[in-house]
Number of protein chains: 4
Amino acid sequence: MWLQVDPRAPTPVYQQIVDGVKAAVAAGWLAPGDRLPSVRDLAVALAVNHNTVAKAYQELERSRVIEVIRGRGTFVTRPSRTPPDAAERMEKLRDALRLAWIEAYHLGLTDAEFERMFHQAGEAARGRADMEGV
Amino acid sequence: MWLQVDPRAPTPVYQQIVDGVKAAVAAGWLAPGDRLPSVRDLAVALAVNHNTVAKAYQELERSRVIEVIRGRGTFVTRPSRTPPDAAERMEKLRDALRLAWIEAYHLGLTDAEFERMFHQAGEAARGRADMEGV
Amino acid sequence: MWLQVDPRAPTPVYQQIVDGVKAAVAAGWLAPGDRLPSVRDLAVALAVNHNTVAKAYQELERSRVIEVIRGRGTFVTRPSRTPPDAAERMEKLRDALRLAWIEAYHLGLTDAEFERMFHQAGEAARGRADMEGV
Amino acid sequence: MWLQVDPRAPTPVYQQIVDGVKAAVAAGWLAPGDRLPSVRDLAVALAVNHNTVAKAYQELERSRVIEVIRGRGTFVTRPSRTPPDAAERMEKLRDALRLAWIEAYHLGLTDAEFERMFHQAGEAARGRADMEGV
DNA sequence: GTGGTCTAGACCACG
DNA sequence: GTGGTCTAGACCACA
């Protein structure tokens, strides 16, 4: 299964689903046009309520990651259009990176070490496991 | 004031204080040995409940960013020792970077663009404003 | 083709057909007395289920936009007679305009700008493309 | 009460709440800075589930109509910033007006009558009851 | 006390 | 069968 969920984690379950689907798309495990499991099927697979999955799907649709075709199911979009909230998301992304640098400082990482971690995270996001320890 | 807080932001106020102090230390605005305002003074200055500041200080102490010396006040620590929760925080940091890469993908950023954003965020974290647009 | 349908749009397909036919009549592309394609032909042409087209035709007949003559086909009516649900539809129309004004307010449009948009929409409904940007 | 809801109406209850709040703001019954009822209070006042109100509030926050201040409640925003999805909403608004023109045609309204209805709807949206019948 | 999340189970519109 | 909505009732984090 390309998706797992931890109900005890601090981040909401629906958010974990959103992140998981985005990750699967970014890694290429889900290609544009691919069909996602139905809300209810995914719900039983993850052992969560179908409302939780539905909320995640709605959020993903708002972000233009998936697309609902009425009565037929939900599909990964072709990445044609830029999402409407792109500017806000860019700002959040910038801030996340800033906070990451700050945390790296407090963990005593050198710039070189942190850059290495950064690139390894990129490999991980692409679905290629990092081959070396940290 | 080297610290500001926005009660309307989605991130909890106590977390904003934690992030703000860490940022100030990483940027060099607060040096090891510097004394922080008392919980109550900072609460007044930020116009928040003192419980909120106390919670932030506790978290900062757990992360070994500050140190409470009874009867003397709270001070910025030297970042020499590795904090007890280092492993966990490293894992979180790695995950944050992974999620950032994924978000960059969905925002249509090229690797080069994203790396540039990454390094600019590093400059920002060090307190140096980035001189070029994005 | 004077009718197109987008299964990914949020508005139901049968409603899109209803709107499309009404638009074609209002714009003059379909004149009173003109014959519409059969349910099955239109279903094939639009690549939708014939039940969907049938539902649309029923709604159009209830609104007195089209007329089914048994054994002959379905035809565009003369807009002479007032449909039986006129009162209800007037109320809906009034409400749609009210909601439009509210939305205009929240989008920061001035009254003048919104009136201009209103008249441009009228031109568009008549099938004349608006010649100036917005 | 400045808000009512009809559970038997075809439009979802949460949407009715969204529309109602937007209407109240546009009419000036709710001014920027005003506090909205708590999710649970409004829920009992409208005799709906609190989840339904919560969904409406979240939608309103996404549209930048209201703002949540942590632990203190939700407030009508000052209309400073343009919502991130303004372009899409403009497009929808334009389309709503186009459909309104089409419906007016099929109801046999003259342009003058429809324009009059349009302006009366504007008055209604501003909270001034229209003084003449239609 | 505030909003946010989640479950279990129901009903509905659409295709 | 698909997603969407709603209820009743629970628990949690935050201020």
Side-chain angles (χ1 to χ4, degrees), chain A residues 5 7-17 35-44 46-58 60-61 66-75, chain B residues 5 7 9-17 43 46-56, chain C residues 5 7 9-17 43 46-56, chain D residues 5 7-17 35-44 46-58 60-61 66-75:
Chain A
V5 137
R8 293 160 318 182
T11 110
V13 174
Y14 84 89
Q15 186 65 50
Q16 294 181 46
I17 299 174
R35 189 175 184 280
L36 288 173
S38 81
V39 167
R40 282 161 167 85
D41 284 354
L42 186 55
V44 312
L46 297 178
V48 300
N49 189 275
H50 63 259
N51 282 327
T52 304
V53 177
K55 183 167 186 181
Y57 275 22
Q58 283 172 20
L60 284 164
E61 196 184 14
I66 67 176
E67 216 168 28
V68 174
I69 303 192
R70 317 190 47 96
R72 248 184 288 174
T74 75
F75 300 81
Chain B
V5 140
T11 106
V13 174
Y14 87 91
Q15 186 67 50
Q16 293 184 46
I17 298 176
L46 297 178
V48 301
N49 192 300
H50 64 263
N51 289 327
T52 306
V53 177
K55 183 168 184 181
Chain C
V5 138
T11 108
V13 174
Y14 86 91
Q15 185 66 50
Q16 294 183 46
I17 298 174
L46 296 178
V48 302
N49 192 301
H50 62 264
N51 289 326
T52 305
V53 177
K55 182 169 184 179
Chain D
V5 136
R8 294 159 319 182
T11 109
V13 175
Y14 85 90
Q15 186 66 50
Q16 294 182 47
I17 299 175
R35 188 175 185 279
L36 289 172
S38 82
V39 167
R40 284 163 165 84
D41 284 353
L42 187 55
V44 311
L46 298 178
V48 301
N49 189 274
H50 63 260
N51 282 328
T52 305
V53 178
K55 183 167 185 180
Y57 275 21
Q58 284 171 19
L60 284 166
E61 197 184 11
I66 66 176
E67 215 168 28
V68 175
I69 304 193
R70 316 190 50 97
R72 250 185 286 175
T74 75
F75 300 81

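Throughout, a chain's letter reflects where its sequence line sits, starting with A, and its residues are numbered from 1.
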Exercise for review: Take D:Arg35 and A:Pro7, find for each the nucleotide of DNA chain E with the closest heavy atom, and name the residue whose nucleotide sits nearer the 5' end.
Suggested key: D:Arg35
Practice item. Rounded to the nearest angstrom, tell me the gap between atom CD1 in A:Ile66 and atom C1' in F:dG4. Key: 13 Å
Check your understanding: Which part of the nucleic acid, if any, lies within contact of A:Val48, taking any heavy atom under 4.0 Å across all strands shown: a base, the sugar-phosphate backbone alone, or nothing?
Key -> sugar-phosphate
Study note, to complete from the structure: A:Val39 meets the side-chain contact (heavy atoms from CB on, under 4.5 Å) criterion, sequence neighbours left out, with A:His50, A:Val53, A:Ala54, A:Tyr57
Practice item. List in chain and number order the residues that pass side-chain contact (heavy atoms from CB on, under 4.5 Å) with B:Ala47, two or more places apart in sequence or in another chain; answer none if no residue qualifies. Key: none
**Study point:** Pairwise distance CD1(D:Ile17) to NZ(D:Lys55) - rounded to 0.5 angstrom
**Key:** 11.0 Å
Review point. Could you state the OH-P distance from D:Tyr57 to E:dT2, rounded to the nearest angstrom?
Key: 11 Å
Point to revise | Interatomic distance, A:Arg8 CZ vs E:dT7 P [rounded to whole Å] | key: 14 Å
Exercise for review: List for me each residue that meets side-chain contact (heavy atoms from CB on, under 4.5 Å) alongside D:Asn49, sequence neighbours excluded, and say none if there are none.
Suggested key: D:Asn51, D:Thr52
Point to revise | Euclidean distance, atom CG of residue A:Leu46 to atom C1' of E:dC6 [Å, nearest integer] | key: 14 Å
Check your understanding: How does DNA chain E read in dot-bracket, base by base from 5' to 3', with Watson-Crick or G-U pairs under 3.5 Å and | used when the partner is on another strand?
Key -> ||||||||||||||.
Review point. Whole Å only: how far is the CD1 atom of C:Ile17 from the C1' atom of E:dC14?
Key: 12 Å
Exercise for review: Please list, chain by chain and in numerical order, all residues satisfying side-chain contact (heavy atoms from CB on, under 4.5 Å) with A:Arg35, sequence neighbours excluded.
Suggested key: A:Phe75
Point to revise | Atom-to-atom span, CG of D:Asn51 to C1' of E:dT2 - whole angstrom | key: 15 Å
Point to revise | Side-chain N,O (A:Ser38) to OP1/OP2 (F:dG1) below 4.0 Å | key: no
Please produce a list of atom pairs where a protein N or O lies less than 3.5 Å from an N or O of nucleotides 11-15 of chain F.
| unit_1 | atom_1 | unit_2 | atom_2 | d |
| --- | --- | --- | --- | --- |
| F:dC14 | OP2 | B:Lys55 | NZ | 3.1 |
| F:dC14 | O3' | D:Arg70 | NE | 3.4 |
| F:dA15 | OP1 | B:Val13 | N | 2.6 |

Check your understanding: In whole angstrom, what separates D:Leu42's CG from E:dG3's C1'?
Key -> 13 Å
Review point. If you measure from CZ on D:Arg70 to OG1 on B:Thr11, what distance do you get to the nearest 0.5 Å?
Key: 7.0 Å
Point to revise | side chain to side chain donor-acceptor pair (under 3.5 Å) involving A:Glu61 - partner list, sequence neighbours excluded | key: none
Practice item. Working to the nearest 0.5 Å, report the span between CG of A:Leu36 and CG of A:Leu60. Key: 8.0 Å
Check your understanding: Do any side-chain nitrogens or oxygens of D:Gln58 fall under 4.0 Å of OP1 or OP2 in E:dG4?
Key -> yes
